[in-house]
Each structure stands twice: as structure tokens, then as C-alpha cells.
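A short worksheet on the structure shown next.
Values below: all heavy atoms of this structure, side chains included; hydrogens, waters and symmetry mates excluded. Start at 1 and go down the list; that is how both ligands and their atoms are numbered.
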Amino acid sequence: MCGIIGYCGPKKTASILIEGLKRLEYRGYDSAGICIAGQGQFRIIKSKGKIKNLQNQLPDGLSGNYGIGHTRWATHGGVTDNNAHPHTDCAGKIAIAHNGIIENFEALKNILTHEGHKFQSETDSEVIAHLIEKYYKGNLEKAVKEAISLIKGTYGLVCMHVDEPGLIVGARNGSPLVMGIGENEMFLASDVTAIIAHTKQVVYIEDKEVVCITQNEFRTTDLNNREIEKEVEQVSWELQEIEKSGFSHFMEKEIFEQPESIKRAIIGRIVPELATAKLGGLNLSTNQLLNVERIKIIAAGTSFHAGLVAAYLLESIARLPCVAELASEVRYRNPIIERNSLYFAVSQSGETADTLYAMRELQRKGAIVLGICNVVGSSIARESNGGVYIHSGPEIAVASTKAFTSQISVFYLLCLLLSRMKDMSLETGSSFLENLQTIPINVGKILESRQKIKQLSKKYCHYKDFLFLGRGINYPVALEGALKLKEISYIHAEGYSAAEIKHGPIALINENTPSIVLVPDDRLREKIISNIKEIKARNGKVIALCVEGDEEIKKIADDTIEVPKVQEIFYPYVMIVPLQLFAYYSALELGRDVDQPRNLAKSVTVE
Ligand code: M6R
């Protein structure tokens, strides 16, 4: 979604802003703009489309030593140069860039228009510039506070005033804002990736806080002007982690990182001699964990699919009733909080509005909600009652890959921990751990067989519709495989339980609708073979993911992708990686923008 960067310092401001915006590209955007301040005036350059369009419009000698930039993902108003940020007030003295949604913008705009303000764009954000103009009496910070006190909705905001050179005021409510402290320079950004090339010293701005930065100083206050002491934190990510490092795309890099990222999710969290796991961040005592009677997982998209795998796992192995639900549905359902229930909010970014707001609603009703997040210091990580980081490292591609395998890794550990507290024996626990620890090697083997998957993508990517079929713990993997294919290749794909096709989807089967069928050697194998035969009887093409050396499947499927044999409950790992590769190579073959697919944003911070 939208991205923000602000800079005060001696370097070439335009270059810093453009570089920051490029690092924010992964979030998804459709237009971009910058405002450079210097010599008593603002220079604003905005353009729809990619940042290179904006770069092409930058005049030579654009100088100035502070400025703000923005990537916009349209919500209110079409994708036009005019609707791109930064926006200004009537006099052109105030410039703002805004992430989030102003819910009462129409009412505010009506009042302001009535008072004589002239609007240039169709955006909700522009009202902020005019509100600040209305309240400005020589003090930008004060005017910003007055303006935001009237706003209903969410904002991550940066603004400047021509008459207060060298000052950027930032404010946050519901949309992330982070400040970076460099040497003789200061930054504001919607996420650390925009500034990590310059500094790792950051301060996370909280909701209802206002921050003022100049080249060498910062000050944070609340809306009542009380000073707030902030902790300066050190970002642990390295710059190369947010670069492609020789891969063609971030998605490719992230798929190939999985043997390592899975290890990182597990490492330091296992106790081999007791055949259990330690997850200190849960903040729950053994007694509290023993009292847990059911688990509920809330999430969106890929994280929801990881939650569905976890639900299957926790119910079948830890013998705890567990459901995964779409956060967007939970929030508005007036959910009932049952006694001794434990909730998990799963989110790679930790900023997904649906998940964040559902979590808050559950907490308001007294639930304990633990976060499973990747981004350290993200809203869900900070507001949850405890939790576990998945330590995937930055995930930049819009299509989530390594986060999925790391999220499920944390749930495998949780499952072991809870199971070992109850009925699971030391021997079974040890075998569980041994099997879990073989996963990075097995995932590595699949990555080595990428050529075969690439060939199959070439062969099949021109089909318009696909079915992805799996059962049991691999049913959510089928859903995730379909999501991957549709989001980056734009091929229509649906995931189903293989058993469900006879209840409707089989009507779609013909020679033009291939099915990708997950066939692990588990107890449902024979049933899935029957499903394959049903598809074949209707002239459907079948690409089967089967275990190495499964000759029977090779005979009945049109094509196969072989995966290493693993213990039954661990198949999601080895089944999802070929599907990620299949989606990646198909999108590549079709010439899609793999890392930034159309209409999508990495971190969905609006409802
Ligand atoms: O950051 P989150 O894990 O909360 O994001 C949730 C979804 O928006 C995300 O998984 C989305 O579905 C991805 N594009 C999937 O690849």
C-alpha cells in the first residue's frame, strides 16, 4: 500500500527520496511524488505509474535539504498525476503525504469548501493540507495537532511548511511511521526498508503521537503536548536482505531462501533432550498453557492458509480444538470469547488492517491474542499480548512465500510444546523433532529440481483455469498454491479439497482445465487416486505432486512433480515449494510483473 519517506539532512534530498520510494515499491503503488523544500519554496513533482516516470520528470539541479515523498495506492480518486501525493493547501505553503483513510473527509471537505478552500484532487488526503492551513498560526506542529484531532480514520502523515524551513512533522494513527536517526540527518518513513541503507537506529512512532524532526533533533509528543520519551531501537536486518542479491526477482530469492528461513524459525527454540520446544515470547506459564482448551487463529491471505495448516496440526497432534478464521470476518461478527481460549493473530507484515482490527476487537472483549509476525516492531507484534517472531528476514515480493513456511514452522513448534505437555511421549516427540529438522534439506532438494517445474510451467501456463486439489493438512496447501498462481500470473485458479470436486467443481473439468493434485503417501492416498481417475475420465489433465518413485501416480497423471518422502504431517512444506515455483515460472513465462503484480499491495493497511 502507500509508502512515505521524509528526509532532513545535508545530502541530495531528491536522490534520498527517490531511493527510499524505490525501496517502498514492493508495497504496491500506482503513482508517486516528491516535494523538495529549499530557498523558501516547494518543488512538487508527481507522476502516475512507476517511479521511473517520476524520475524522468525531475528537473536538473533540483536542490533543497529537506523533503517528503510518497507512493500512492489509490483508494479515493483515480490513478492520476493530480491525485498523487504530496498535496498542498490553497497557498501552496503546506505539503503533506498521507497513508491511510480519512473516513470523514467528505464532511470536512464540505466545510472547508464552504469556507473558501479550493481542492485540487479527488483524494481524501488533501483535506489534511487544508485543515492544517486553516489552523496554522505560525506553528506547524500545533496546526497538525488541531487538524488531526478532527480526523476520523487512519493516518501515517508527514508534512512541511515553507515558513518553517528544515522541519518535518509526522503523525501516526493506525498507519505505521518510523523515524530514522542518521549522522547529521533524520528520516521519517512508513517502513524501515526505505531508510535502512542510511541508518539502523530507529524510533517507532505510536498511534496518537506526533514527531517533529529537523536535521539533528527530534521530539515526540502526544496530542496534549506531553513529551514522550522514546526508545531508540536497532534494526537487525542487513541491507543485502532487502536487495535481490543476484536473483532476478525478490520472489525467486525468497523461495530459494526457505531452507535457511525455516531453520531460522526453528533454531534456538528446540530442547532436544526433552523433545520439546521453548517459545518464551508466548508469555504463558506451563499451567496457563495446560489450561488452554481451544485455539483460534485469525489471519488473511497466505497467513490464513498457514493458520489452516496449524489448525489441522494442533487438532490432530496436540488434540486441541483449533480453527483458523479470516480476520476480516471475525471482526464484524461480534465474536464470542470462550473461556480458556487462546488466540493467535498471524501476519507477515504485522500491519494488515483486517488482522490488526480483529485482534483489537478480540482483546477489547478480554481475549489473550498472541502474534505470529515477521516484521519486528510492527503494530500486531507490539499490540499483541505476546507472541513469536518467525525471523524470515524481510519479505519484499508481494506474493508471500518464505513467510508461509516459517509461520507453519512456528506452529509445528507450538504443536510439539503443547503435545509434550500432555500425551506425547519422549520417543514420539524426538521423532517429531528429527523429522522437522530434516525439512530444510528436503526443501533444498525440491529447489534443485526446479528445471522440471520450469518446463511444466512453460507447458501449462497458457491454460486459463486451474484447479488445485489436496486433502487433510494439504488442503490449505492447495488453497495457497491457487492463491500464488492467481496473484502473480493472473491465471484463474481455485483450491478445493479433492473430495469436494464431486460436489460441484467437477463440472468445470474438461481438456482445458488442468488440475494440480497433491498426492502424499498418506492415509488418504487411495481416495485421492480415485479423484484423479474421476478427472481423467472427464478428459481433464492432471499434474500430480507425488512422492519420489511413486510409479502408480506416474502412470495415471499426465505429468508429475516428485517431492521427497517425509512424515505424513510434514507434507505441507514439500508440497508448497513446488507450487510456489510453478506460480513463479508461469508468471515469468507470461511476462508478468512478478514482484509487484497488478492491483496488489504487500501490506494491506486499509480494510
Ligand atoms: O502481512 P500479512 O501476512 O498479514 O498479509 C496477509 C495477506 O495480505 C497476504 O498474505 C497476501 O494474501 C499475499 N499477497 C499472499 O501472497
Side-chain angles (χ1 to χ4, degrees), residues 1 26-29 73 175-176 190-191 193 249-252 254-255 258 261 265 297-310 324-331 344-360 369 371-384 387-408 410-411 468 476-477 479-490 493 495 576-577 579-584 587 592-607:
M1 302 242 126
Y26 79 97
R27 295 169 64 100
Y29 71 105
W73 188 83
S175 285
S190 49
D191 101 45
T193 50
H249 297 93
F250 282 110
M251 183 179 179
E252 184 190 23
E254 287 156 12
I255 292 173
Q258 289 179 106
S261 54
I297 298 167
I298 56 162
T302 292
S303 300
F304 169 63
H305 297 152
L308 288 172
V309 171
E325 288 189 78
L326 289 169
S328 50
E329 292 300 319
V330 169
R331 181 184 178 197
F344 284 91
V346 187
S347 173
Q348 185 284 130
S349 62
E351 300 294 349
T352 300
D354 288 327
T355 312
L356 177 63
Y357 298 157
M359 177 179 94
R360 287 179 183 159
V369 188
I372 308 257
C373 296
N374 188 32
V375 179
V376 175
S378 57
S379 300
I380 293 175
R382 283 179 296 124
E383 292 185 32
S384 55
V388 186
Y389 281 118
I390 61 172
H391 295 313
S392 289
E395 194 183 65
I396 306 289
V398 163
S400 186
T401 53
K402 62 176 179 173
F404 177 83
T405 44
S406 296
Q407 287 163 341
I408 64 172
V410 167
F411 278 116
F468 283 70
V477 179
L479 298 180
E480 175 60 9
L483 176 64
K484 284 288 89 72
L485 187 66
K486 71 183 121 187
E487 69 180 327
I488 58 164
S489 72
Y490 319 147
I576 191 56
V577 177
L579 300 186
Q580 295 169 345
L581 287 169
F582 184 81
Y584 173 70
R592 309 295 192 223
D593 187 346
V594 173
D595 283 339
Q596 290 155 37
R598 70 180 179 208
N599 304 341
L600 291 178
K602 178 66 181 164
S603 155
V604 186
T605 50
V606 296
E607 277 193 271

Checklist line | For the student: nearest non-hydrogen atoms of Ala327 and Asp354, plus distance | finding: CB-O, 3.5 Å

Note to self: Please evaluate residues Tyr26 and Asp595 with respect to the criterion side chain to side chain contact (heavy atoms under 4.5 Å, CB included), reporting the C-alpha separation (whole Å), side-chain torsions for both, the decisive distance (0.1 Å), and the verdict.
What the structure shows: CA-CA 7 Å; Tyr26 79 97; Asp595 283 339; over 6 Å; no

Notebook entry, point to check: For the residue pair Cys373 and Gly350, what are the closest heavy atoms and their distance?
Noted result: SG-CA, 4.1 Å

Check: Numbering the atoms of ligand 1 from 1, which are under 4.0 Å from a heavy atom of Ala399?
Finding: 16 (O)

Check: Which ligand 1 atoms, with their elements, are less than 4.0 angstrom from a heavy-atom of Lys484?
Finding: 15 (C), 16 (O)

Next item on the list: Tell me, please: is Leu600 in heavy-atom contact with ligand 1, that is, under 4.0 Å?
Entry: no

Next item on the list: Check whether any heavy atom of Glu351 sits under 4.0 Å from an atom of ligand 1.
Entry: no

Next item on the list: Using a strict 4.0 Å cut-off to heavy atoms of Ser400, name the atoms of ligand 1 that fall inside it.
Entry: 15 (C), 16 (O)

Checklist line | Nearest non-hydrogen partners of Ala399 and Lys484, listed with the distance | finding: CB-CE, 3.7 Å

Notebook entry, point to check: Polar-atom distance check: Val398 versus ligand 1, any N or O pair below 3.5 Å?
Noted result: yes

Item checked: Structural part of Lys602 in contact with ligand 1, heavy atom criterion under 4.0 angstrom -> neither

Next item on the list: Provide, to 0.1 Å, the distance between atom 15 (C) of ligand 1 and the closest protein heavy atom, together with that atom's residue and name.
Entry: Thr302 OG1, 3.0 Å

Check: Are any of the N or O atoms of Thr355 closer than 3.5 Å to those of ligand 1?
Finding: no

Next item on the list: From the options Ala306, Ser303, Ala300, select the one whose nearest heavy atom is closest to atom 3 (O) of ligand 1.
Entry: Ser303

Checklist line | Taking atom 14 (N) of ligand 1 as the reference point, the nearest protein heavy atom with its distance | finding: Glu487 OE1, 2.8 Å

Checklist line | Where ligand 1 meets Ser347 - atom numbers and elements under 4.0 angstrom, heavy-atom basis | finding: 1 (O), 2 (P), 3 (O), 4 (O)

Notebook entry, point to check: Quick one: do Lys402 and Glu395 make a salt bridge, cutoff under 4.0 Å?
Noted result: no

Check: What pair of heavy atoms forms the shortest contact from Pro394 to Glu254, and how long is it?
Finding: O-OE2, 3.9 Å

Checklist line | Heavy-atom pair with the smallest gap, counting every atom of Thr352 and Ala300 | finding: CG2-CB, 4.2 Å

Notebook entry, point to check: How long is the span from the CD atom in Glu325 to the CG atom in Leu308, to the nearest 0.5 Å?
Noted result: 10.0 Å

Checklist line | Nearest non-hydrogen protein atom, atom 12 (O) of ligand 1 | finding: Gly301 CA, 3.3 Å

Next item on the list: Decide yes or no on side-chain hydrogen bond (donor to acceptor under 3.5 Å, both in side chains) for Thr401 and Gln258, but give the supporting numbers first.
Entry: CA-CA 8 Å; Thr401 53; Gln258 289 179 106; 5.2 Å; no

Check: Which pair of heavy atoms, one from Tyr490 and one from Arg598, lies closest together, and at what distance?
Finding: OH-N, 2.8 Å

Notebook entry, point to check: Can you tell me the protein heavy atom closest to atom 1 (O) of ligand 1 and the distance?
Noted result: Ser349 OG, 2.6 Å

Item checked: Closest approach of any protein heavy atom to atom 5 (O) of ligand 1, naming residue and atom -> Thr352 OG1, 3.4 Å

Next item on the list: Take Thr302 and Glu480 through the test side-chain hydrogen bond (donor to acceptor under 3.5 Å, both in side chains) and record every step on the way to the result.
Entry: CA-CA 6 Å; Thr302 292; Glu480 175 60 9; 3.0 Å; yes

Item checked: Which residue and heavy atom of the protein sit nearest atom 8 (O) of ligand 1, plus the separation -> Val604 CG2, 4.0 Å

Next item on the list: Would you mind listing which atoms of ligand 1 come within a distance below 4.0 Å of any non-hydrogen atom of Gln348?
Entry: 1 (O), 2 (P), 3 (O), 4 (O)

